[in-house]
Amino acid sequence: VDKNVVIVSGLALGIDSISHKAALDKSGQTIAVLPGGLKQIYPATHRSLAKRITEQNGLLISEYDDSFRPRRESFIQRNRIIAALSDALLITEAAEKSGTMHTANFALELGKPVLAVPGNINSPMSMGTNNLIKSGAVLVTNEQDIYEALGIKETELKQEVFLGDTNEETVLISILRSGVNSGEEIHLQSELPIDVFQQTLTMLEIKGVVRPLGNNCWQLA
């Protein structure tokens, strides 16, 4: 969410609902693809979550009539839409034969990257993900693996990290990012009072965002 990635999932119990809620809690965008009509939210316990998604600029998608009740086959059909909407598919757990594996197959057919989190070899819920990794899926052990699959470059990530907590901090960071290192020139371009400038620069150094190079020169850490 911090990198403006839209979370797509199926509103199901477990990782689906956790993903939707995490996106909403961070004021991000999320899409829920339903196995039934828009008036047949499944599971029913997630009606409030579905409402929250629409209230926070999210999206509910269904290819069925509003009154259509979910059937066994409609869950698999729903999964193909999830795969089609996604730039990459991340699977955290999956049994050897599960609906999640159908989603992986749909993604592979569409040429979408499939990412999998490895698990205990004795856990039935890790058999699917471990087999996917053996078959060539991207092994995910940290968030950087996901960023790489999505084509988010390291430089972009660093720029996202260096956001100021105040307008004054943001101004100084922007000037440093443009390549200016001289303290005098940074102060001149910032147009900040000298006491505010010095206080802001000190706070950025304390936070580890900038570091001194000596001779009143600075750079982003």
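As the structure is a computational prediction, the values presented were derived from the model and not from experiment.
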Please check if atom [atom1] in [X] has more than 12 non-hydrogen atoms from other residues, nucleotides or ligands closer than 6.0 Å.
X: Asp87; atom1: CG; value: no
X: Ile121; atom1: CD1; value: no
X: Glu73; atom1: CD; value: yes
X: Gln40; atom1: CD; value: yes
X: Phe106; atom1: CZ; value: yes
X: Lys207; atom1: NZ; value: yes
X: Glu191; atom1: CD; value: no

Look only at the side chain of [X] and the backbone of [Y], and say whether a donor-acceptor pair between them is shorter than 3.5 Å.
X: Ser9; Y: Leu11; value: no
X: Lys3; Y: Ile152; value: no
X: Ser123; Y: Gly119; value: no
X: Asn79; Y: His102; value: no
X: Ser74; Y: Arg71; value: yes

Say whether Gln189 and Glu185, considering side chains only, have a donor N or O and an acceptor N or O under 3.5 Å apart.
-> yes

Rounded to the nearest 0.5 Å, what separates atom [atom1] in [X] from atom [atom2] in [Y]?
X: Asp195; Y: Thr200; atom1: CG; atom2: OG1; answer: 9.0 Å
X: Ile173; Y: Leu220; atom1: CD1; atom2: CG; answer: 7.0 Å
X: Ile61; Y: Leu34; atom1: CD1; atom2: CG; answer: 8.5 Å

In terms of side-chain geometry, is the basic nitrogen of Arg52 or Asp25 positioned less than 4.0 Å from the acidic oxygen of its partner?
-> yes

Under a 4.5 Å cut-off applied to non-hydrogen side-chain atoms, are Leu115 and Asp145 in contact?
-> no

For the residue pair Phe197 and His187, does the interplanar ring angle fall in the parallel (under 30°), tilted (30 to 60°) or perpendicular (over 60°) class?
-> tilted

side-chain hydrogen bond (donor to acceptor under 3.5 Å, both in side chains) between Asn131 and Ser135, intermediate numbers included = CA-CA 6 Å; Asn131 285 338; Ser135 300; over 6 Å; no

